[in-house]
Novice: 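Got a structure for you, written out below as structure tokens; questions coming shortly.
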Protein chains: 2
Amino acid sequence: MDRETVLATAARLVKRHGPQALTMRALAAELGTAVTSIYWHVGNRESLLDALVERTLADLGEIRATGRTPAQRVASVARALRRQLLDHPHLVAMVHERGLTERMFLPAQRTLVHEVHEAGLRGVRAAEAVRAVQIHVVGHVLVERNRERAPVQRPGEDELWTAQAAEQDGALARALAGPLDPEALFATSVRALVAGLLGPAP
Amino acid sequence: MDRETVLATAARLVKRHGPQALTMRALAAELGTAVTSIYWHVGNRESLLDALVERTLADLGEIRATGRTPAQRVASVARALRRQLLDHPHLVAMVHERGLTERMFLPAQRTLVHEVHEAGLRGVRAAEAVRAVQIHVVGHVLVERNRERAPVQRPGEDELWTAQAAEQDGALARALAGPLDPEALFATSVRALVAGLLGPAP
DNA sequence: ACCTGAACACCGTTCAAGT
DNA sequence: ACCTGAACACCGTTCAAGT
């Protein structure tokens, strides 16, 4: 057996059943070895998961901007980053538990810096724009992934907003009562955020 | 002993040492009873934490908007919501683990609907604006709280951005290398987001 | 250099038995 | 109605002993 084998097998288990299913005993069973052998190769569970996260992060491909206008291109980076994170369902949770969200930003950061520069932003304002977009994306994905595994919500937006017409705005009440389309909402909020960031300084 | 006593004691333990420190055995020790008595009162650990979250959420005060312009008032709601969440350090994590982020929105939702209406938005666009702000706030707080307990980050923005001057923009490189001011960044991103949301439709 | 089993110190939970 | 201790089925980790 091999440190490589341990990591690969662990990655398979995580991919299939999530990080919480990765117990040292289950991993040992899958490897066909004693539990304690694992410790020789990876130290302990914590550093095993660290290695898994690092490896997944390293495998994420470059992010490229598309679109014509600067605003479109910055927004496209945000969408691509979100796509990447959603494509690795357990990555976000693992990174979050490990406090490594900053590390998760890096792949997109260089691209964002470039596009924000193209848009004419410089210095501190450019840095703020880059970080604002990054945090928005990661935060959005965190909330989004969270909603997926959410149980039925009590009180629930539906009950609250169907009964009482929200300030006489039936369409709004229906929209808030209805399900949330994360894809559309993300597109809207990123467009708004980027417009605000690239727009005239306050 | 009393269900009320159990909840109060559990809340105290969580407040002091975080949710992960709330073990049934530790709680029993604090209560001076057998571990198994707790089960009679609260079912199990999961529903105990559920009750704790629900209770904290219920204790959150009303959110009021301040400021003159609609944009300022919407942004003030976002800031107030963030403040509330940061004032309950463990709440956000517990809500997140439980998939209840939607539930956490509700206290601010009515206020946001009102302010967005005042700003002239109606129907689906108003609903989108409300939800965009909500998700931005909760997502931002999640990332922010995460950063606090983050260990030193390797590679780390600093190393990456001091050496190579980012596209000949020294000020930007320094800003990205330096520490992040969450308060300021939140203010900036919310202002931008709200401006974009309340601005002219695309 | 690598693997092993036994043991330790934890968990949450169930259950039959008490009062 | 409420509390108890014993027991079960899990954890991660350490360690001395093997090859």
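Just so you know, these numbers come straight off a predicted model, no measurement behind them. A note on names: the letters A, B, ... follow the listed sequences, proteins ahead of strands, and every chain is numbered from 1.
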Novice: Kindly say whether the aromatic ring centers of B:His96 and A:His96 come within a distance under 6.0 Å.
Specialist: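 Aromatic pair counts; centres sit under 6.0 Å.
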Novice: Please pick, from C:dG5, D:dG12, D:dC3, the nucleotide with the shortest atom-to-atom distance to any side-chain atom of B:Ser37.
Specialist: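 Shortest atom-to-atom distance from the side chain points to D:dC3.
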Novice: With the side chain of B:Thr23 defined as its heavy atoms from C-beta on, choose the nearest nucleotide among C:dC11, D:dC2, C:dT13.
Specialist: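 For the B:Thr23 side chain, the nearest candidate turns out to be C:dC11.
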Novice: Of the nucleotides D:dT14, D:dG5, D:dA1, which one has an atom closest to the side chain of B:Trp40?
Specialist: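 It is D:dA1.
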Novice: Measure from CD1 on A:Ile38 to P on C:dA1 and round the result to the nearest Å.
Specialist: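 These atoms are roughly 20 Å apart.
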Novice: Taking B:Arg55 first and then B:Glu4, would you say they form a salt bridge - that is, a charged N and a carboxylate O separated by under 4.0 Å?
Specialist: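 A salt bridge links B:Arg55 with B:Glu4.
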Novice: Atom CG of A:Leu31 and atom C1' of C:dT4: how far apart are they, to the nearest Å?
Specialist: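 Result: 15 Å.
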Novice: Roughly, in whole Å, what's the span from CG in A:Leu22 to C1' in D:dC11?
Specialist: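 Answer to the nearest Å: 13 Å.
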Novice: Roughly, in whole Å, what's the span from CZ in A:Arg25 to P in C:dC10?
Specialist: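 The distance from CZ of A:Arg25 to P of C:dC10 comes to 15 Å, rounded to the nearest Å.
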Novice: Using both distances under 3.5 Å as the test, list the Watson-Crick or G-U wobble partner of D:dT19, or none.
Specialist: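 Matched D:dT19 with C:dA1 under the 3.5 Å cut-off.
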Novice: How close or far is atom C1' of C:dT13 from atom CG of B:Leu49, stated in whole angstroms?
Specialist: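 Atom-to-atom, B:Leu49 to C:dT13, this comes out as 15 Å.
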Novice: From the options D:dT13, D:dT14, D:dT4, select the nucleotide whose nearest atom is closest to the side chain of A:Thr36.
Specialist: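 The answer is D:dT14, which lies nearest to the side chain.
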Novice: Between A:Ala26 and A:Gly43, which residue's closest nucleotide on DNA chain D lies nearer the 5′ terminus?
Specialist: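 This one resolves to A:Ala26.
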Novice: Under a 3.5 Å threshold, yes or no: a donor from one side chain and an acceptor from the other, between B:Asp50 and B:Ser47?
Specialist: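 Note: B:Asp50 and B:Ser47 side chains miss the donor-acceptor criterion.
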Novice: Using atom CG of B:Asn44 as one end and atom P of C:dT14 as the other, report the distance to the nearest whole Å.
Specialist: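 Rounded to the whole Å, the gap is 7 Å.
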Novice: If we count only N and O atoms by modelled type, under 3.5 Å, do the side chains of B:His136 and A:Ser189 hold a donor and an acceptor together?
Specialist: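 Their side chains do not contain a donor-acceptor pair, so the 3.5 Å distance test is not met.
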Novice: Nearest to the side chain of A:Met24, which nucleotide is it out of C:dG12, C:dG5, D:dT13?
Specialist: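 Of the options given, the side chain of A:Met24 lies nearest D:dT13.
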Novice: Can you tell me which nucleotide in D:dC3, D:dG12, C:dT13 comes closest to the side chain of A:Tyr39?
Specialist: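 From the listed options, D:dG12 comes nearest.
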Novice: Expressed in angstrom and rounded to an integer, what is the separation of B:Asp2 atom CG from D:dC2 atom P?
Specialist: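 From B:Asp2 CG to D:dC2 P: 9 Å.
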Novice: Check whether any side-chain nitrogen or oxygen of B:His41 sits under 4.0 Å from OP1 or OP2 of D:dC3, and answer yes or no.
Specialist: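 Affirmative; the distance criterion is met.
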Novice: With both distances under 3.5 Å as the test, what is the Watson-Crick or G-U wobble partner of D:dA7?
Specialist: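 Here D:dA7 is engaged in a pair, and the nucleotide opposite it is C:dT13.
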Novice: Under 3.5 Å, side chain of B:Arg82 to main-chain N/O of B:Val137, donor-acceptor pair present?
Specialist: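 Not a single qualifying donor-acceptor pair exists.
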Novice: Please state how far atom CD in B:Gln20 lies from atom C1' in C:dG12, giving the value in whole angstrom units.
Specialist: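 My rounded result for the distance is 16 Å.
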Novice: Quick one: which of D:dC3, C:dT13, C:dT4 gets closest to the side chain of B:Met1?
Specialist: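 In terms of side-chain proximity for B:Met1, the closest of D:dC3, C:dT13, C:dT4 is D:dC3.
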